Amino acid sequence: AEACASPGMQEGLDDGPDFLSEEDRGLRAINVDLQTDAALQVDISDALSERDKVKFTVHTKSSLPNFKQNEFSVVRQHEEFIWLHDSFVENEDYAGYIIPPAPPRPDFDASREKLQKLGEGEGSMTKEEFTKMKQELEAEYLAIFKKTVAMHEVFLCRVAAHPILRKDLNFHVFLEYNQDLSVRGKNKKEKLEDFFKNMVKSADGVIVSGVKDVDDFFEHERTFLVEYHNRVKDASAKSDKMTRSHKNVADDYNRIGSSLYTLGTQDSTEIFQLYCHIPLFYFSQQKIEARVSADEDLKLSDLLKYYLRESQAAKDLLYRRSRSLVDYENANKALDKARAKNKDVLQAETTQQLCCQKFEKISESAKQELIDFKTRRVAAFRKNLVELAELELKHAKVTGIYFCFHFRQLLFHRIIEVGLEGTL
Amino acid sequence: MAAEREPPPLGDARQPDLEELEDGEDLFTSTVSTLESSPSSPEPASLPAEDISTNSNGPKPAEIILEDDREDLFAEATEEVSLDSPEREPILSPEPTPAITPVTPTTLVAPRMESKSIAAPVIFDRSREEIEEEANGDVFDIEINVSDPEKVGDGMNAYMAYRVTTKTALPMFNKNEFSVKRRFSDFLGLHSKLATKYMHVGYIVPPAPEKSIVGMTKVKVGKEDSSSTEFVEKRRAALERYLQRTVKHPTLLQDPDLRQFLESSELPRAVNTQALSGAGILRMVNKAADAVNKMTIKMNESDAWFEEKQQQFENLDQQLRKLHASVEALVCHRKELSANTAAFAKSAAMLGNSEDHTALSRALSQLAEVEEKIDQLHQEQAFADFYMFSELLGDYIRLIAAVKGVFDHRMKCWQKWQDAQVTLQKKREAEAKLQLANKPDKLQQAKDEIKEEIEEWETKVQQGERDFEQISKTIRKEVGRFERERVRDFKTVIVKYLESLVQTQQQLIKYWEAFLPEAKAIA
C-alpha cells in the first residue's frame with residue numbers, strides 16, 4: 001500500500017486499463033433528449049460474443065396494446081438490425097424522415113489478431129509482461145464489445161423515440177418475434193443490386209443538387225450539411241490518430257517505468273535505487289494520464305463518427321426531397337403537355353396531385369426533422385465537450401497533485417533523510 | 001512496486017526551508033490541504049510553482065545557499081542554472097522555467113564544503129595528490145560554455161565552428177574569462193590525446209560526442225531545415241557536456257593539452273580524427289585486434305571487487321541501452337502526438353466554422369485552440385524528454401564503454417606483467433643452462449649478457465607489478481568517482497525532469513479550466 005497515496009486516486013499504481021471505469025452505456029450521450037417514456041422502452045440487456053457473431057438480447061418494456069406482453073426479450077444479430085434499417089429506407093412513407101443510421105458491423109478482427117499474436121509471442125517475454133499485455137488486450141476487446149452493443153442500442157432507442165417510426169410493423173416484429181427473422185446476410189445478387197442502387201443515387205444526387213431550391217431553409221440546410229459532413233469526417237479521422245498517438249505514448253511510459261524499476265533493483269547503490277523509484281511513480285501516473293487522454297479522444301471520435309452517419313442520413317433525406325421535387329416538376333410538365341395535346345389529362349392531373357402532395361408532405365416533415373437534428377446534435381456535442389473538459393481537468397489536477405505532493409515529499413524527506421552527504 | 005517508506009517526522013528546523021521556497025501562484029494549495037497526508041508529513045506548503053506570466057525564477061537560491069548542508073542540497077536541486085547562450089533561448093520553453101536547461105552537470109560557483117573554500121590560489125599551490133583527495137567534492141571554480149555554432153566555408157569542406165567560453169578563477173589559466181573558436185574535430189583531437197595519455201593508466205576519460213556523417217553532410221550541404229538545426233543544437237549541447245565532464249576530472253584538468261584547447265586561439269588541426277582517414281581506419285583495426293585479444297586473455301582475478309564491478313557495469317550497460325531505446329521511442333511518439341494534435345486542432349477549427357449553431361461553433365473553435373496549445377506543451381515536453389533524459393542516457397552508455405575500456409587496460413597491464421615474469425623465468429632457465437655448459441671463452445660473455453638481461457627483466461617484472469597495482473588503485477578511485485558523478489547527474493536531471501512534468505500539468509489545468517465554461521455555455 002502506498003503510504004503517500006491519497007485514497008481519492010482510484011488508479012494509483014494500478015496497471016489495469018481504465019476503460020472499465022467509464023460509463024458502460026456511454027454512447028447514450030449521443031442522443032440526449034430521447035424521451036424514454038413508458039409507452040415504449042427498448043434496451044440491449046445482454047450480449048454474447050461467439051466466434052464470428054454477436055448475439056444481442058433486445059429487451060422491451062411497453063404499455064402499448066400492440067404487444068402481447070408488457071415486457072419481453074428476443075435475441076437478434078447484426079444482420080437483423082440492418083434488415084430493419086433497410087426496410088425503413090425502402091419505405092416510401094418514411095421518405096420525409098431522417099432514418100436513424102444503421103449501427104456499424106461488429107469488428108473484432110484487429111483485436112483478435114493482436115491477441116493471437118500475443119499468444120504466439122508468449123515465449124519471448126517475461127511472465128509479468130505477458131500477463132500485463134494480455135490484460136490490456138482483453139480490456140481493449142471488452143471496450144470494443146461494449147461499444148458495439150451501445151451502437152446497436154442507440155439505433156433501437158432512436159427508432160423507439162421517433163413518433164412515426166416507433167409504430168412501424170417491422171420494428172414491432174423485430175422486437176417481439178422470438179424466432180430467427182431469417183434475414184441471412186444479403187447474397188451476392190442482392191449486394192450487387194444495392195451497389196447499383198447506390199451508384200444511381202449518387203449520380204442522381206449530382207444532378208438533383210444542381211437544382212437550386214426555392215425554399216431558403218432547405219437551400220441553407222443543403223449547403224450546410226454537405227460541408228458539415230465532410231468536416232466531421234475529417235475531424236473524426238484526425239481524432240482517431242490522436243487516440244493512437246496517446247496510446248503509443250502511454251505504452252512508452254509503461255516500458256520506461258519497467259526499465260527504470262529493473263535498473264533500480266539491480267543497482268547496488270542505494271541512492272540509485274531511490275532515484276529509480278521516483279521516476280517509476282511518475283511514469284505510472286503519466287501512463288494513466290495518456291490512457292485517459294486516449295479514452296477522451298476516442299469518445300470524441302465516436303461522437304464525430306456518429307454525427308457523420310447522422311449527417312449522411314440527413315443528406316439522404318434532402319436527396320429524397322429533391323427527388324420528389326424533380327418528380328413534381330416532371331409531373332407538372334407532363335400535365336402541361338397532356339393539356340396541350342388534350343390527351344390523358346385526368347391521369348396526368350392525378351399524378352401531378354400525388355407528386356405535389358408527396359413533395360409537400362416530405363418538405364413539412366423534413367423541416368421538422370432537420371430542426372430536431374440540429375437540437376440533438378448541439379445537445380450531444382455540448383454534453384460530450386463538457387464531459388471531455390471536466391474529465392481532462394480532473395485528471396490533470398489529480399496528476400498534478402500527485403506529482404506535487406510526492407515531488408515535495410520525496411525531495412524533502414528522501415533526499416535529506418538518506419543524505420547525499422554519504423556519497424560525497 | 002514502489003515501496004514507499006513512511007517519511008520520518010520532520011523536525012522544526014526544516015519548516016523554515018519550506019516556507020522560504022513558497023513562491024508564485026500555486027494551483028494546488030486548496031486541494032493539497034484536503035488530501036489525506038501521512039501524519040508525519042509537514043504542512044503541505046506550496047511547491048515552488050512558476051507563475052507563467054511573471055518572470056520570476058522560482059526559489060531564490062541565493063537566500064538558501066550555504067546556511068547548512070541540507071538546505072544546500074535542496075538548493076542545488078532546484079537552483080536555477082543559467083547558461084548564457086542566446087541562441088538557446090528560442091529552443092527553450094518560452095515560459096521562464098527555473099531549471100530546465102539542457103543537461104549540464106554544471107559546477108557550482110560556490111563550493112559546497114562550507115568550511116574550506118577551494119579558492120583559486122589554494123589549488124594551484126597544492127600537489128596533484130592533494131587536489132585529487134579533495135576531488136571528493138569535485139568542485140572546481142571553472143565553468144565552460146559551448147555556444148554560437150557558426151558555419152564556416154561552403155560545400156563539403158564546410159564545418160561548424162563553436163565558441164568555447166571558459167569562466168574561471170583558477171590561476172593555472174592566464175585570464176578569468178576567455179573564449180576560443182573550435183570545430184568538432186578539435187574536440188575529437190583533444191579526446192584522442194587525453195585518452196592516449198590517461199586511459200592506459202586507469203583514468204576514465206570522458207568520451208567525446210559521436211560523429212555523424214549523415215547529420216554533418218546535411219549541414220554542409222546547407223539544408224536549412226529544422227532537423228539540421230536540431231542536429232547542430234544537439235551537438236553543441238553534447239560538446240558542452242563533454243567539456244564539463246572533462247574539466248571536472250581533477251587529473252585531466254591539469255593536463256596541458258586541455259589547457260591549450262581552452263586557451264589557445266590557434267590550434268593545430270587534428271586530421272587524424274577523420275572517420276575515413278588512414279588514422280581512422282588504423283583505429284578501427286586496432287579496436288578489432290583489441291577485441292580479439294580480450295577474448296584470449298584469461299586473467300586470474302585475485303580481487304573480487306574488480307570481478308564484481310565488471311559484472312555490474314555489464315548489467316548497467318544492458319539496462320541503460322534498453323532504457324535509452326524506450327526513451328527514444330517516447331520522444332518519437334511524442335512528436336507524432338504533437339503533429340496529430342495540431343492536425344486535429346485545425347480540423348476542429350474547420351468544423352467549428354461550418355457549424356451553424358453559434359455557441360457550439362464558438363466552443364468548437366475554442367476546443368481547437370486548446371488542442372493547439374496542448375500541442376505546444378507536447379512539443380516542449382518532448383524537448384524535455386529528449387534533452388534531459390535521452391541524451392544523458394546516451395552519454396552514460398558511452399561513459400560505461402570508457403569504463404570497460406579502462407578495465408581492459410588493467411587486464412592488458414596484468415598480461416604484460418605476467419609476460420615479463422614468463423620471460424624472466426626463461427632467462428633464468430637459460431642462465432642455469434649456461435652454468436652447466438662447457439664452452440669457457442664464449443661462456444663469460446654469454447653469462448654477462450644473460451645477467452644483464454635478467455636484471456633488465458627483473459626490473460620489468462617489478463615495474464609490471466607496480467604498474468598493475470597502480471592501475472588497480474586508480475581504477476578503484478575512478479570508479480568511486482564515476483559512481484558519485486552518476487548519482488549526481490541522474491539526480492539533477494530527474495529533479496529537473498519532474499519539475500517539467502509538474503509545469504506541464506499546471507498548464508494543462510489552466511487550458512482545460514479556460515475551456516470548460518465555453519463548453520457549458522452551449523445552449
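Every chain is numbered from 1, with letters handed out A, B, ... down the list of sequences. These figures come from a predicted structure and were not determined experimentally.
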**Q** Measuring from A/M242:CE to B/E371:CD, what's the distance to the nearest 0.5 Å?
**A** 4.5 Å

**Q** Hey, could you give me the CD/CG distance between A/E227 and B/L351, rounded to the nearest 0.5 Å?
**A**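 Between A/E227 CD and B/L351 CG, I get 9.5 Å after rounding to 0.5 Å.
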
**Q** Using non-hydrogen atoms only, which part of A/Y228 is less than 4.5 Å away from chain B: side chain, backbone, both, or neither?
**A**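 Both backbone and side chain.
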
**Q** Decide yes or no for A/D297 and B/F344: does some side-chain heavy atom of the first lie under 4.5 Å from some side-chain heavy atom of the second?
**A**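 Not in contact.
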
**Q** Between A/K241 and chain B, which part of the residue has a heavy atom less than 4.5 Å away: side chain, backbone, both or neither?
**A** both

**Q** Could you tell me which portion of B/Q318 (side chain, backbone, both or neither) has an atom closer than 4.5 angstrom to a non-hydrogen atom of chain A?
**A** neither

**Q** Are the side chains of B/V370 and A/E392 in contact, using a 4.5 Å heavy-atom criterion?
**A**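 Of all side-chain heavy-atom pairs linking B/V370 with A/E392, none is under 4.5 Å.
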
**Q** Are any non-hydrogen side-chain atoms of A/V378 and B/I522 less than 4.5 angstrom apart?
**A** yes

**Q** With chain A, which of B/L364, B/L508, B/D356 has the greatest number of heavy-atom pairs at distances under 4.5 Å?
**A** B/D356

**Q** Side chain, backbone, both or neither: which part of B/L367 has a heavy atom under 4.5 Å from chain A?
**A**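 Only the side chain of B/L367 comes within 4.5 Å of chain A.
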
**Q** Could you walk me through whether B/H333 and A/D251 pass side chain to side chain donor-acceptor pair (under 3.5 Å), step by step?
**A** CA-CA 10 Å; B/H333 285 138; A/D251 288 342; over 6 Å; no

**Q** If you count heavy-atom pairs under 4.5 Å between each of B/S347, B/P517, B/A363 and chain A, which one has the most?
**A**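 Sorted descending by pairs with chain A, the first entry is B/S347.
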
**Q** When rounded to the nearest 0.5 angstrom, what is the spacing between CD1 in A/I256 and NE2 in B/H324?
**A**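 Atom-to-atom, A/I256:CD1 and B/H324:NE2 are 10.5 Å apart.
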
**Q** Tell me which of these, B/H357, B/E518, B/E336, has more heavy-atom pairs under 4.5 Å with chain A than the rest.
**A**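 Highest number of pairs under 4.5 Å: B/H357.
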
**Q** Is the closest basic N to carboxylate O distance between A/D252 and B/R334 below 4.0 Å?
**A**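 Judged by the 4.0 Å cut-off on N to carboxylate O distance, A/D252 and B/R334 do not form a salt bridge.
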
**Q** I need the residue from B/N353, B/N315, B/T341 with the largest number of non-hydrogen atom pairs under 4.5 Å to chain A.
**A**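 Counting heavy-atom pairs under 4.5 Å, the top option is B/T341.
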
**Q** Nearest 0.5 Å please: distance from the CZ atom of B/F515 over to the CG atom of A/L388.
**A**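 Here the rounded value is 6.5 Å.
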
**Q** In this structure, are over 12 heavy atoms from other groups packed under 6.0 Å from A/K374 atom NZ?
**A** yes

**Q** With chain B as the partner, which of A/L304, A/L393, A/L385 has the greatest number of non-hydrogen pairs under 4.5 Å?
**A**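 Heavy-atom pair counts peak at A/L393.
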
**Q** So, for A/R255 and B/S326, which heavy atoms are closest and what is the spacing to 0.1 Å?
**A**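 Here A/R255 and B/S326 meet closest at CB-OG, 4.2 Å.
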
**Q** Just how far is it from atom CD of B/E355 to atom CZ of A/F381, taken to the nearest 0.5 Å?
**A**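 Separation between the atoms: 7.0 Å.
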
**Q** How many angstroms lie between atom CD1 of B/I374 and atom OG of A/S293, to the nearest 0.5 angstrom?
**A** 7.5 Å

**Q** Taking the side chain as C-beta and beyond, is there a heavy-atom pair between A/D234 and B/M350 under 4.5 Å?
**A** no

**Q** Under a 4.5 Å cutoff for heavy-atom pairs, which residue among A/H220, A/R244, A/R377 has the most contacts with chain B?
**A**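 That would be A/R377.
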
**Q** Within a strict 4.5 Å, meaning less than it, do heavy atoms of the A/R382 and B/L360 side chains meet?
**A**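 They are not in side-chain contact.
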
**Q** Among B/E308, B/K346, B/K520, B/K322, which residue has the highest count of heavy-atom pairs closer than 4.5 Å to chain A?
**A** B/K520

